[in-house]
Structure formats: C-alpha cells, structure tokens
Amino acid sequence: MKWTLFCALALLATAAPAAERLQIRVVEASMEESAADPGLRDVAAFLKENLPYRSFRLVDQTTLALPAPGNRVSLRPGFAVLGKGPQNRLDLTLEKDGRVLLNTVLSLRDGVPVVVGGFPGGRGRLMFVLVAR
Amino acid sequence: MKTADAVRHAARRRPIPAPMPSEEFWDRFEDRAQSLRRDAPAVSRVFSGRIWATAAACALILALGIGLFHRTPAPADTIRSLTILTDHAGVIILRGRQHPGTLIWMTQEALTDPGGES
C-alpha cells in the first residue's frame with residue numbers, strides 16, 4: 001500500500017500541468033530601426049535569431065482558453081483566429097478580411113513560441129506569435 | 001539403559017488411552033474443523049480487503065496516469081498538419097537553435113537553390 005501511494009504521488013509530481021490559455025500576438029516585422037517592443041520581450045531573441053528583420057512591433061494581442069472551445073477572436077489589422085481543441089492537438093484557422101489564410105493543427109509546449117507569418121502588411125511582414133501558457 | 005531403569009521409565013509413562021470409536025473421532029474432528037473455519041474468515045477478509053484496496057489504488061493510478069498523459073502536452077512542439085490557402089511562393093519551417101520555438105514562414109518570392117543555376 002505504501003508503494004502504491006508512493007507511485008501515485010510520484011506520478012502526480014512528474015506530470016506537467018497543461019497550459020490554460022493560448023496567447024496570440026500579431027507582430028509586424030520591418031527593416032526600420034526601432035526600440036525593442038516590451039510586449040515581445042519573451043520572443044525577441046527567437047525572432048531575431050530566425051528572421052532577417054531589424055525591428056518587431058506588437059500590433060495586437062488576445063488570448064484563447066485552452067482547450068479551445070471553437071470560438072473566433074479578432075485581431076488588428078483585419079485578422080481573425082478560430083481555435084479548437086486541446087494544447088496537444090490545437091486546430092487553428094487564420095483569416096484576413098474574411099478570407100482563410102491557412103489552417104494548421106499544432107502541438108504546443110508551454111512557453112515555447114510557434115510563429116506563423118510572412119503575410120504582406122504594414123511596413124514589412126505580419127506574423128502570428130502563438131504561445132501556450 | 002539397564003533393565004531396571006527401563007522398567008522404571010516404562011512405569012512412569014502415562015498409559016496409552018483406549019482407542020476412540022471411529023464415529024466419535026470424526027464427530028470431534030468435524031467440530032474442530034468447523035471452529036477453525038469460523039476463525040479463518042477474519043484473516044481471509046483482511047487479505048481479500050488488501051487485494052481489493054491495492055487493485056482499486058492501481059486502477060486509480062492508471063486512470064490518473066491516462067488522464068494526465070492526455071492533458072500533458074507532447075514533449076516537442078509539432079506541426080501535425082498545415083494547409084495554406086493564401087498566395088505564396090514557398091514555405092520555410094525551422095526550429096530555433098539557441099532559443100526554442102518553431103517558425104512557419106510563407107515567402108512571397110520563389111525560393112532559389114543556392115547551388116543551382118543563377
């Protein structure tokens with residue numbers, strides 16, 4: 001019985017809690033020099049490491065509850081995100097001005113960004129930065 | 001042992017009881033067996049209870065494990081599917097080397113092979 005309880009506690013201790021929400025940010029990447037955006041502090045290093053742009057500006061942001069119930073959220077400029085499913089099988093549809101840009105099913109790790117972008121807009125390119133928290 | 005000692009020893013021994021009639025012997029045997037059976041269930045119930053408690057605990061752990069496994073995200077961020085419905089010339093998918101993360105980038109210019117013809 002002691003071993004059973006020990007195993008149960010060990011299992012509970014090692015199991016990582018799932019994220020409660022998905023943070024969605026719309027970011028504009030451009031070649032113009034500007035100060036680092038405080039709203040992108042957690043992903044700035046990843047963006048600069050992997051994209052050939054000089055500055056990244058937070059345009060808009062919102063959150064989706066996880067598991068996503070299948071609702072649509074709107075983001076400037078004219079974007080919408082439809083999310084459905086749990087963190088390890090999150091079905092996302094990205095729209096711009098009512099047109100579907102892409103559909104993807106992702107498995108997200110807590111705090112690790114998935115960046116989906118390259119859409120023309122603003123002074124450079126627009127992207128979605130997705131982070132489960 | 002000397003003969004006299006053997007005789008004294010034999011005299012000290014209790015006399016052998018007269019053999020019990022078979023019917024009486026088996027009646028007493030049954031009585032004793034029944035009294036043992038009455039005592040035994042207490043031990044058996046404890047043993048059986050422990051088995052059931054362990055089995056229930058194992059089932060609970062298994063259920064918790066399965067539940068947590070399904071709730072716990074995959075060890076790596078994964079693109080399970082990707083369908084692009086907007087105009088694009090190519091797609092770059094890469095993972096950060098120094099900083100963890102995944103990039104899915106749609107290019108508007110055709111991707112060229114650096115080793116190909118210019």
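We name chains A, B, ... by the order of the sequence lines, and we start the count at 1 in each one.
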Which of residues 125-133 of chain A get closer than 4.5 angstrom to chain B, counting heavy atoms alone?
A:Arg125, A:Met127
Name the member of A:Pro67, A:Gly118, A:Gly111 that forms the most heavy-atom pairs with chain B at distances under 4.5 Å.
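Max contact count across the listed options: A:Gly118.
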Give every donor-acceptor pair under 3.5 Å between a side-chain atom in residues 96-106 of chain B and any protein atom, sequence neighbours left out.
unit_1: B:Thr102; atom_1: OG1; unit_2: B:Asp77; atom_2: OD2; d: 2.4
unit_1: B:Thr102; atom_1: OG1; unit_2: B:Arg95; atom_2: NH1; d: 3.1

With A:Arg89, which residues qualify under salt bridge (charged side-chain N to carboxylate O under 4.0 Å, His left out), at least two apart?
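With sequence neighbours excluded, A:Arg89 shows a salt bridge (charged side-chain N to carboxylate O under 4.0 Å, His left out) to no residue whatsoever.
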Pick from A:Thr62, A:Asp42, A:Thr63: which one makes a side chain to side chain donor-acceptor pair (under 3.5 Å) with A:Arg25?
A:Asp42
Find the distance between CG (A:Asn103) and CG (B:Leu82) and round it off to the nearest 0.5 Å.
8.5 Å
Let me confirm one number: the NZ-CG distance from A:Lys84 to A:Asp91, rounded to the nearest 0.5 Å.
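A:Lys84 NZ to A:Asp91 CG: 8.0 Å, rounded to 0.5 Å.
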B:Phe29: which other cluster members, linking ILVMFWY side chains closer than 4.5 Å, directly or transitively?
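Under the 4.5 Å side-chain rule, B:Phe29 groups with B:Met20, B:Phe25, B:Trp26.
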